[in-house]
Protein chains: 2
Amino acid sequence: MQRSETNGSHHGEGDERGGGTRSRILEAATIHFAEKGFDGARTQAIADEAGVNKAMLYYHFQDKEHLYREILTSHFQVIFRQVFPTFIQPDLDARERLLTIVSSYLGFLRENPHLRSLMLYELAAGGPYLSSVVRSLFESIPGLDVERVFGQIGEMIEAGAVRPGDPRQFFLHILSLSIFPFAARPLLESIWELGSGEYDELMAERADAIADLFDHGLFTGKEAS
Amino acid sequence: MQRSETNGSHHGEGDERGGGTRSRILEAATIHFAEKGFDGARTQAIADEAGVNKAMLYYHFQDKEHLYREILTSHFQVIFRQVFPTFIQPDLDARERLLTIVSSYLGFLRENPHLRSLMLYELAAGGPYLSSVVRSLFESIPGLDVERVFGQIGEMIEAGAVRPGDPRQFFLHILSLSIFPFAARPLLESIWELGSGEYDELMAERADAIADLFDHGLFTGKEAS
DNA sequence: GTCTATAGGACGATAGAC
DNA sequence: GTCTATCGTCCTATAGAC
């Protein structure tokens, strides 16, 4: 990974001439960055996939890194705008709200196969860029910020709807149970020798399994700690 | 990522002359593969880190890829030998056994910082190699295999110690809650603006948080699904 | 076992015609 | 906007002396 820290945009946002070359490049690049990571992806392969010449990448985008960043930002934008607002939706009770978040999370990950590996490559690298993306996404959604989210959890606890505890652990539970099974999908499919159809079933049942865990815990005899 | 599928070992296992050059290379390579991934890591940087010449890498290891594989295998070996055997330890009841697994998992991840990103890079790539490593590790530990693990879970359910449900969902719960918080550490540290000390605390408290979730669920009013 | 030197190719990026 | 052709660099891997 040889990404540096620069910035500055480039050609117009409004050029949709040329048969959408720019967006074809974006799609092609998404595939290759998702499959090989930033360092493994080849500009030549991206150009071939998009059906254009390699030089076109540098006409539409400043360089490989800017192309990559644009893809990351746009992909994480969608999940933020789609999933997080549920947190501050007032017409649902705590349980309903949390389970809605979990299942919309699961649904979203299911429908966006490339997001999985884009996210993992960034996490692996320590994500200095991803964290700046996440930060600016928080800022771009009015009325949503880290404190607000934790505040909501705090209110649920005070209202007696949720067990008392560190809101961050609470948050980690939700994220972990939703994201990890998608992240590890190829590995688990291979180890458990499942077809992708079987794993899809597993993920479809996942929302219920998580709801059951949240409702009843894991053990039947509930001696406290 | 331009890893191909080859095999065949090389120089002797028993050459510990030369001041442990071979193992110094392994340590250096671990650092760079963990930080940059296979494609991002540079053989020159590994050699420099190990304090040897680049040509030494190719004396001790067939090529970059074989070096990488050896590192992956050895690192995942440790977690397998250390964590999984708890699953088949007979002198503990179900609850005790599961919570032991979780906390030894957490402890292990805490003490092996490089494992985190090595694992994530492999997951991102879809891990065709990692899955073969995991497979052979399962085979290398007598009395441990996928069916055995699920069998244990099945027995716990039949004995009434654990809520009925798909053992695979059960397994996903445990893995998710333990691994994800480590995987996402750098990102969450940045977003939550925590020092690494604070995140360490969070991870130290994690075993108890998971135990509480397993014991009581997440909600106080326990209306069933 | 360890080094120097370099082959040989791949890759990101650009110049310039159309 | 899109192409061809090419530059300059970086990087893995090896040849060969010590």
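Proteins get letters first, then strands, A, B, ... in listed order; numbering begins at 1 in each. Side chains included, hydrogens not; waters and symmetry mates left out as well; all remaining heavy atoms used. These numbers were taken from a predicted model, which means no experiment stands behind them.
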Which atom pairs, one a donor and one an acceptor, fall under 3.5 Å between side chains of residues 147-154 of chain B and the rest of the protein, sequence neighbours left out?
from, atom 1, to, atom 2, distance (Å)
B/R148, NH1, B/G143, O, 2.6
B/Q152, OE1, B/R97, NH1, 2.4

Close N/O contacts between protein and nucleotides 12-14 of chain D (under 3.5 Å):
from, atom 1, to, atom 2, distance (Å)
D/dT12, OP1, B/A41, O, 3.2
D/dT12, OP1, B/R42, NH1, 3.1
D/dT12, OP1, B/K64, NZ, 3.2
D/dT12, OP2, B/T43, N, 3.2
D/dT12, OP2, B/T43, OG1, 2.6
D/dA13, OP2, B/Y58, OH, 2.8
D/dA13, OP2, B/K64, N, 3.0
D/dA13, N6, B/K54, NZ, 3.1

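For A/Y68, the ring pair (Phe, Tyr, Trp, His ring centres under 6.0 Å) partners two or more places apart in sequence, or in a different chain, are A/F33, A/F38. Remark: B/E193 engages A/R135 in a salt bridge (charged side-chain N to carboxylate O under 4.0 Å, His left out) (not counting sequence neighbours). Listed by chain and residue number, nothing satisfies the ring pair (Phe, Tyr, Trp, His ring centres under 6.0 Å) test with B/F108 (two or more places apart in sequence, or in another chain).
The nearest whole Å value for the distance from the CD1 atom in A/I46 to the C1' atom in C/dG12 is 11 Å. Taking atom CZ of A/F61 as the reference point, atom P of C/dG12 lies 16 Å away to the nearest angstrom. Atom NZ of A/K36 and atom P of C/dA10 are 14 Å apart (whole Å). The separation between B/R22 atom CZ and C/dT2 atom P is 12 Å, rounded to whole Å. Residue A/L67 contributes atom CG, which lies 17 Å from atom P of C/dC11 at whole-angstrom precision. Between B/D48 atom CG and C/dT2 atom C1' there is a gap of 15 Å when expressed in whole angstrom units.
If you check the side chains of A/S131 and B/S190, you find a donor sitting under 3.5 Å from an acceptor.
Applying the salt bridge (Lys or Arg N to Asp or Glu O under 4.0 Å) test to residues at least two apart or on different chains, none of the pairs has a partner in residues 78-87 of chain B.
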